[in-house]
Amino acid sequence: MIDGIIHCLVVLLLPPLLIGIITKTKAAFAGRVGAPLLQPYYDILKLLRKGSVFSTTTTWLFRAGPLVTLAAILTASLLVPLGRHPALISFDGDLILFAYLFGLARFFTASAALDTGSSFEGMGAAREVTFSCLAEPTLFVALITLARISGSLRLSTILTYPTPALWRATGASMLLLVAALFIVLLAENCRIPFDDPTTHLELTMIHEVMVLDHSGPAFGLILYGAALKLLVLGALFTAIALPVSTGSDLADWGLFLASMAALAVAIGVVESVMARLRLVRIPQLLVGATILSAFAMLLVLR
Amino acid sequence: MNSLADQLLVLVMLINLVMLGSSRLIFSIRAVAAQGVILGILPSLVHPLSFHLVAITASIILAKGIVIPYLIGDAVHKAHIRREVEPFIGYLPTLFLGAVCTALAFVFAARLPLAPEHRSLLVVPASIATLLTGFLILTTRRKAISQVIGYLVLENGIFVFGLLLTEAMPFMVEAGALLDLLVGIFVMGIVINQISQEFSTIDTSRLRALKEE
């Protein structure tokens, strides 16, 4: 019961802080003081208080986009175990629902972008779906490999199964999976080297360009949804990359929060030391990630 | 065979894929050098320590990790080329083909009538995967230097297979094979230089037509 409440609180309150940590890390690398850690909360609260402007060419799809996206990601957040604690909802085969909830979110974001009729947003939508259909196989192959290792189809079992002992036994394939999943994590959350979340240059944008026409509360929901997606996929990643357990429940929650903060710092470091990839190189890296995870599966299967 | 050797073989196969996906020649040369060094370390993990073994390890690291990459790097420098411009098959398809070949190597190795003690090892699939990667690089790239690199990868694959036999294989045979390889690279370096001087390109697909003086 207490774990369930903490799960909900973490899912609802933590996400913007991760974005704040990433921004702060990037500022530290650039030698600036940077925005306060809580700035994303202020931004979202400010946006929620504002009024909305809807273009007359848009339909209900445009208004539904941010809501459905956020709802889908919130549902996905109930399926993923945080730290060593099982998820709130779990059943056989929930890993497929988990992957396709992100698909649903993406579909509605892209549809809302197409609904504006702006060729500019259409371009962003095309890029987004192209890259995500290359990233999806990686996520699936990685989950199937882990399902095979743990012998279960429940996300809660799959993601709490890895232990340091398992790492020692199948180190190579686990390492390949972690590398592949990190690439997916960066691609799905539109971080550098795939997409620059801070840019507003038309030629380089992918995700940002799709949400240009949203304003006020809708845009606030989009920002919050993006942060939540980072938390959910980050929880999936840290469950495999740092499979340590202390034994005590509260200490495990602390460990989970610390590992998420460490992940945010790691993403900030990647964003500071790397440049954005050219668009033609992105599919190459994503296919490379798929091959890494397929290779991991091959090593597990034999 | 311990798990460390298996991890190194996984690394060897990953380097194969990296080489298939990269267009920069200098990077490919460094990758093949890294692969050579890993191959040099492998025999000492698989077999008990002996003078024979130390000599093999040292000579392989020296030849594959230092001398041969230096020779190819020199040829690249003299011929003024940095990257493979237009391979016959693009990088993404070759990368994909390489992954398929690796998967097939695992399937094929599982069906080979191997000695029971070799059955669970990664050596055979890794060697077949590396061989096939070498073939892929040899056949899909245009530049003579890329083809030399492909040839090196092919040889690395044969060497991995030889790991199973190191005790049976006399030192002289391996030394002879290494020497052959070294001479081959040397000759190819000279040939590449000649080609680039004569034709101002080392695109081998242009060498099909005869030229009249």
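In the text below, chain A, chain B and the rest are named by the order of the sequence lines, each starting its count at 1.
- Within residues 150-158 of chain B, no residue has any heavy atom closer than 4.5 Å to a heavy atom of chain A.
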Write out all chain B-chain A donor-acceptor pairs shorter than 3.5 Å, or none if the list is empty.
unit_1, atom_1, unit_2, atom_2, d
B/G21, O, A/Q284, NE2, 2.8
B/S120, O, A/R302, NH2, 3.4
B/L121, O, A/R302, NH2, 2.9

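- Only the side chain of A/L292 comes within less than 4.5 Å of a heavy atom of chain B; its backbone N, CA, C and O stay farther away.
- Across all their heavy atoms, B/V10 and A/A172 have their closest contact at CG2-CB, 3.9 Å.
- With a threshold of 4.5 angstrom between heavy atoms, A/L299 approaches chain B through side-chain atoms but not through N, CA, C or O.
- The environment of A/F182 atom CZ is dense: over 12 non-hydrogen atoms of other residues, nucleotides or ligands sit within 6.0 angstrom.
- Atom CZ of A/F140 has more than 12 heavy atoms from other residues, nucleotides or ligands within 6.0 Å.
- Looking at B/A110, there are no atoms closer than 4.5 Å to chain A (heavy atoms on both sides), in backbone or side chain.
- If you measure heavy-atom distances from B/L95 to chain A, the contacts under 4.5 Å come from both the backbone and the side chain.
- Listed here is the closest heavy atom pair of B/F106 and A/L298: CD1-CD2, 3.1 Å.
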